[in-house]
There are 2 protein chains.
Amino acid sequence: MVTAEPALTPGQRLPLSRERVLRTAVAIADEHGIEAVTMRRVGDELGAEAMSLYHHVANKNDLLDGVVDLVAQEINDVVDGLDTSGPWQPVVRARILAARQVLLRHRWAPGLLATRSALSPHVVLYHDRLVGLLHGGGFSYDLAHHALHALGSRALGFSQELFDPGAGASAGPLPAELAAAVPSLVAMLSEVAHDDPGATLGWCDDQTEFEFGLDLLLDGLDRRRTGS
Amino acid sequence: MVTAEPALTPGQRLPLSRERVLRTAVAIADEHGIEAVTMRRVGDELGAEAMSLYHHVANKNDLLDGVVDLVAQEINDVVDGLDTSGPWQPVVRARILAARQVLLRHRWAPGLLATRSALSPHVVLYHDRLVGLLHGGGFSYDLAHHALHALGSRALGFSQELFDPGAGASAGPLPAELAAAVPSLVAMLSEVAHDDPGATLGWCDDQTEFEFGLDLLLDGLDRRRTGS
DNA sequence: TTGACCAGCCTTACGTTGTAAGCCACTCTG
DNA sequence: CAGAGTGGCTTACAACGTAAGGCTGGTCAA
């Protein structure tokens, strides 16, 4: 039972709608992972047949696009409430970290975001506001443009980690024969106290590391801005 | 056990092997995209049946893991030939840009890399060498660890772009009603001369923008290293 | 030499997926 | 009241990964 429903006269069913379909898909993904989102499953959850969904979404691709946009909308709802006064850097930083918090509620979302080619209106909106803040903070549009590229997915609060250097410490050591071949990693991992394997966003992207990389970029951008 | 290739009498068929299966999968992906890589298709291409592949790969997941590792191996083959003398920063920079060149030959690879959870031995090797270079260049292991996280997928030569700010310029303007809602983006795009929509790596990640973001990170890391 | 074994191929079949096609029951509108 | 949506449902199909097992030729111990 995924959605709270208004009281209906018994026997009557709440009609489907694009909104309900998308929200149900998000709920399923939150609870069982994105791979559990199938047309039949979404239909089941709504007490309908898979084919009925096609009256509200064009196809599964469209459904996933809608799901992404819904998450992006959730991000915008959060960041629009943030204070935008003061120097650009803490403002942008807080905004990105707030977006990140939303994505932490939908761990499957970064992976989905990354595979969508169609541009979600709310993702575009998000970046528009970001450019506005940068420009208002003294960035030329040219530098703001570079900034968007440089931040990449970090602008929305996640980063792509291809391989988790901390996994060897927490999830058991590397396979022995591989460990012998990677002395620098072994040395690094034995020295790094990676004692907070807490909230990660997919690819060993814990909060501290995310903020480190983000600040590296923001500091660098500010230096480019002031021409120092 | 890798058997040397036997001289075949004409009409006889080259036997399958994990190596051949993986190389064929890479070839199919290069030519028709990663979604064209199905067990049946790989089998066809080898003149064999889909089920025969299972004698050489455990399942499709294993096949894709192998494909990723093959690409990573190709990267290692290239970067191992690079000069590693001199200051760390240009050495690492050149190495990452060389890795990028390999990925540009396999445009589907970044997307695949991003979805694999199992760690590829060659990806691990690549990062080991990178850590070695950083440490040799004056990084503490702790800072090197942060550096890996900060670079993320950029260490291997690509970046995750969720939305292409240049697409509006090259692929026709945004939908009109959306354009009206994003004044900052419109202003930015009208000012930015985005005249080289050439070699991109998936998500509007052209060479200039990639290098801009990379240098931002490398400069920042060097500053952290020297404690300035 | 012979017989057991087995690696490496093939065939058949099943469950799951997205979705095309079409039926039917409403509710509007002319 | 006729006709046209609108929004459900049923049926059916092709493509996918892969389980199960058959055939065949080569290897090797007895």
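These values consider heavy atoms only, across backbone and side chains, with no hydrogens, waters or symmetry-generated copies. We name chains A, B, ... by the order of the sequence lines, and we start the count at 1 in each one.
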Side-chain contact check for B/Met51: nearest option of D/dA20, C/dG18, C/dG8 is D/dA20

Closest to the side chain of B/Thr38, out of C/dC9, D/dT18, D/dG17, is D/dG17

Taken to the nearest whole Å, CG/B/Leu53 to C1'/C/dC10 is 12 Å

note: A/Asn59, atom CG; C/dA21, atom P; distance rounded to Å ~ 14 Å

To the nearest angstrom, the NE2-C1' distance between B/His55 and D/dT24 comes to 12 Å

* B/His56 side chain near C/dA7 phosphate (N/O to OP1/OP2, under 4.0 Å) -> no

Please say whether more than 12 non-hydrogen atoms of neighbouring residues, nucleotides or ligands are located less than 6.0 Å from CZ in B/Arg23.
-> no

Here the distance between atom P of C/dT19 and atom CE of A/Met39, to the nearest Å, is 6 Å

Whichever of A/Arg40 and A/Ser52 has the more 5' nearest nucleotide on DNA chain D, that residue is A/Ser52

- Task: For the residue pair A/Glu19 and A/His56, confirm or rule out a side-chain donor-acceptor distance under 3.5 Å.
- Result: no

note: B/Tyr54, atom OH; C/dC10, atom P; distance rounded to Å ~ 14 Å

To the nearest angstrom, the CG-C1' distance between B/Asp62 and D/dT18 comes to 14 Å

For A/Asp77, the salt bridge (charged side-chain N to carboxylate O under 4.0 Å, His left out) test, sequence neighbours excluded, returns none

* Taking atom types as modelled and ignoring hydrogens, do the side chains of B/Asn76 and B/Arg129 form a donor-acceptor contact shorter than 3.5 angstrom? -> no

Whole-Å distance, A/Leu46 CG to D/dG7 P, equals 15 Å

Atom CD of A/Glu49 and atom P of D/dT11 are separated, to the nearest Å, by 10 Å

